[in-house]
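Read the structure below first, then the notes.
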Amino acid sequence: MLDQKLIRENPTIVEKNLSLRGKVYNISDINELTVKKKEIDIEVSNLQFESKKLSKLIGQEINNSQNKTSQKLNDLKKRGNEYRIKISEFEEKQRILDKQIYDKISNLPNFPSIDAPIGKDESNNVQVKTWGDHLKKDNLNSHWEIGESLNLFDSTKSTKISKSRFITLIGNGARLERALINFMLDIHTQNGYLELIPPALVNSESLTGSGQLPKFSNESFKCSNDDLWLSPTAEVPLTAFHKNEIIDSKHLPLKYVAYSPCFRREAGSYGRDTKGLIRLHQFNKVELYWFTDPNKSIEAHQKITSDAESILKKLNLPYRLVDICTGDLGFSSSRTFDLEVWLPSSKCYREISSCSNCLEFQARRSSIRTKIDKKNQFVHTLNGSALAIGRTMAAILENGQQSDGSVKIPDALVPYFGSNFIKTA
RNA sequence: GGAGAGGUGGCUGAGUGGUCGAAAGCGAACGACUCGAAAUCGUUUAAUAGAUAACUAUUCGUGGGUUCGAAUCCCACCCUCUCCGCCA
């Protein structure tokens, strides 16, 4: 959520910052509404002041005189009634304006950071670095081919259970998923993160607080009988965990790691990534989340990203770090580093983690503050996947494939998985 | 799902129509005492918006209503707790 005062007082700055996203944002209508609303606020405030004074006077009058139905009292009450009518008219206008303003502002995305590369779309993202060696071999199999031959998961049967884009993990596949979750949680908790397992269903307010609503209602699954949605990412419940709180500054930064299933409708992605583990309606993810002092989120962003990277390094999976350009930034983010893992079968990098600094955008929407120099300020929030489990499994299968059809498990994962190779039964 | 109780400041908790944004306690901050600390005493301590020098308004679960005036009365909704039923 952007600051209403900023929109009112510096609309051109707001438009300029937003336009870095490569789209034209005209906020003159919002600006007009906020200016109008301020005038009405002042008007109402003045009327309420007069009305309160009068009410006190009436109270005193009643206490002082025995005659509770005197002409004087009736006249005063009549005047009070006039105030009430006038005030309620203005309050009605206030309500309407408030709603209009909120509806519009809550649909505006965050400002991109001045450090983010300027660009229109994906193609302008900047590769910062690469890590690890690419597997160079002929006749490489895709992870779904490997999964099928080793009987690690089944999507055909899963359409019977649910529909397309769902998967059932089987045997060593299920075991590998579980190993990856435990491995990642252990690394992060050893690294100072507090582990949470949040609810998988979240209410509308929580989704609004982290920025998924109102604009992206089409991207999450909704429960029909309740105001509850299937959480698309642990970022939602983690943000809401401290909703409406003032966090003691000595507790900052708060660092959480959460395992959660994630549910996404993937509307508009028909035909893309229809095979394998890349794009599913339900997937598991281990998420990192920081609440920081508003002056310390830039360093925190580096740290959360390197914490996510550390998993890829320990698993010895080749990846690259990408600085997302202004036009490709997510709604709530001001700066995002993506980690993309190398998938040798398709000879490309695929997003496996997204580490974002949302500054105060989510904190304002969720009202999460801290006291600094006796003043309440919004905290900054950061999130990063570390990592998406399904895509990590895909990367392990593809990068670890051996010529005999087996898959080598990364050394660091062996204690969790229980053996060095996945072989045909 | 049925019955009952309740939602007040960082927390506990008083307050049923009139200077109540709200007693008291706890916690916290500062000061005094002390070599230092504890204990004790004193002062301070909700948020938001607007003006910023004081100030003005709003907020006692949420939204409406009654009234000159609502934490207090009325209506609707949400949530929590207890008991019963059901259940992993």
Side-chain angles (χ1 to χ4, degrees), chain A residues 1-10 30-31 33-103 105-106 197 199-209 213 223 225-229 237 240-252 254 261 291 294 360 363-379:
Chain A
M1 190 76 88
L2 300 178
D3 184 8
Q4 204 175 123
K5 192 173 181 175
L6 190 67
I7 290 173
R8 188 175 65 234
E9 293 176 353
N10 287 301
I30 307 180
N31 174 255
L33 290 171
T34 54
V35 169
K36 206 193 295 176
K37 178 167 174 295
K38 193 186 165 192
E39 286 167 10
I40 290 176
D41 285 348
I42 291 169
E43 190 81 28
V44 169
S45 171
N46 288 337
L47 282 169
Q48 280 166 332
F49 177 58
E50 294 300 326
S51 165
K52 268 173 88 165
K53 260 202 315 206
L54 182 65
S55 293
K56 277 177 188 167
L57 189 70
I58 292 172
Q60 284 163 4
E61 193 69 25
I62 290 173
N63 283 337
N64 293 340
S65 72
Q66 301 304 318
N67 185 359
K68 301 213 190 284
T69 53
S70 73
Q71 186 59 38
K72 191 177 172 193
L73 263 181
N74 283 340
D75 287 347
L76 288 176
K77 283 187 185 178
K78 208 172 150 196
R79 261 177 61 200
N81 200 29
E82 284 162 12
Y83 275 125
R84 190 180 62 196
I85 289 165
K86 220 189 250 176
I87 288 169
S88 67
E89 281 169 11
F90 276 107
E91 280 175 340
E92 178 65 19
K93 286 185 197 166
Q94 252 178 340
R95 265 199 293 274
I96 292 167
L97 277 173
D98 256 335
K99 188 169 183 326
Q100 287 176 334
I101 291 168
Y102 181 81
D103 286 349
I105 294 185
S106 59
I197 299 186
L201 300 193
V202 295
N203 61 35
S204 301
E205 194 181 271
S206 296
L207 276 167
T208 306
L213 286 179
C223 302
N225 288 333
D226 300 281
D227 177 32
L228 289 170
W229 305 66
F241 192 58
H242 287 292
K243 184 161 64 184
N244 297 327
E245 286 183 16
I246 297 172
I247 300 168
D248 195 322
S249 59
K250 71 180 174 226
H251 294 142
L252 295 177
L254 290 169
F291 296 86
E360 61 168 48
R364 185 187 294 279
R365 289 171 95 94
S366 303
S367 188
I368 305 168
R369 292 160 293 170
T370 188
K371 226 180 246 303
I372 294 172
D373 297 331
K374 296 188 175 173
K375 266 191 72 186
N376 284 329
Q377 292 191 31
F378 292 108
V379 299

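Here is the naming used below: chain letters follow the sequence lines, and residue numbers restart at 1 for every chain.
B:rG18 atom C1' lies 13 Å from atom CG of A:L54, rounded to whole Å. Rounded to whole Å, atom P of B:rG64 lies 16 Å from atom CZ of A:R84. The nearest whole Å value for the distance from the NE2 atom in A:H251 to the P atom in B:rG10 is 16 Å. One can place NZ of A:K77 at 14 Å from P of B:rG18, the figure rounded to the nearest angstrom.
Distance from the side chain of A:F49 is smallest for B:rA57 among the nucleotides B:rA57, B:rU48, B:rA46.
A:I58 comes within 4.0 angstrom of a nucleotide base, judged by non-hydrogen atoms across all strands. Residue contacts shown for A:K371 are limited to sugar-phosphate atoms, with no base heavy atom under 4.0 Å away. When heavy atoms are screened at a 4.0 angstrom cut-off, A:R369 is found touching the sugar-phosphate backbone but no base atom. Nucleic acid contact for A:D41: none, since no nucleic acid atom lies under 4.0 Å from a heavy atom of the residue. Residue A:N376 is in sugar-phosphate contact alone, with no base atom involved, counting any heavy-atom pair closer than 4.0 Å across all strands shown.
Taking a pair to require two hydrogen-bonding distances under 3.5 Å in either a Watson-Crick or a G-U wobble arrangement, B:rU12 pairs with B:rA24. Nucleotide B:rA76 has B:rU62 as its partner under the Watson-Crick or G-U criteria, with both atom distances under 3.5 Å. Pairing of B:rU48, defined by two Watson-Crick or G-U wobble distances under 3.5 Å, is identified with B:rA57. B:rG17 is unpaired under the Watson-Crick or G-U wobble criterion, no partner having all donor-acceptor distances under 3.5 Å. Across every strand in view, B:rG1 sits in a pair with B:rC84 that passes the Watson-Crick or G-U test at under 3.5 angstrom.
RNA chain B is contacted by both A:K37 and A:R95; A:K37 maps to the nucleotide lying nearer its 5′ end (nearest heavy atom per residue). Both A:E50 and A:R8 lie close to RNA chain B; mapped to their nearest nucleotides by heavy-atom distance, the more 5′-ward contact belongs to A:R8.
In this structure, A:K86 places its NZ atom where only 12 or fewer heavy-atom neighbours from other residues, nucleotides or ligands lie under 6.0 Å away.
A side-chain donor-acceptor contact under 3.5 Å links A:D248 to the backbone of A:K250. Although no hydrogens or angles enter the test, the distance criterion places no donor-acceptor pair under 3.5 Å between the side chain of A:S367 and the main chain of A:N244. A donor-acceptor pair under 3.5 Å is formed between the side chain of A:T34 and the backbone N or O of A:N31.
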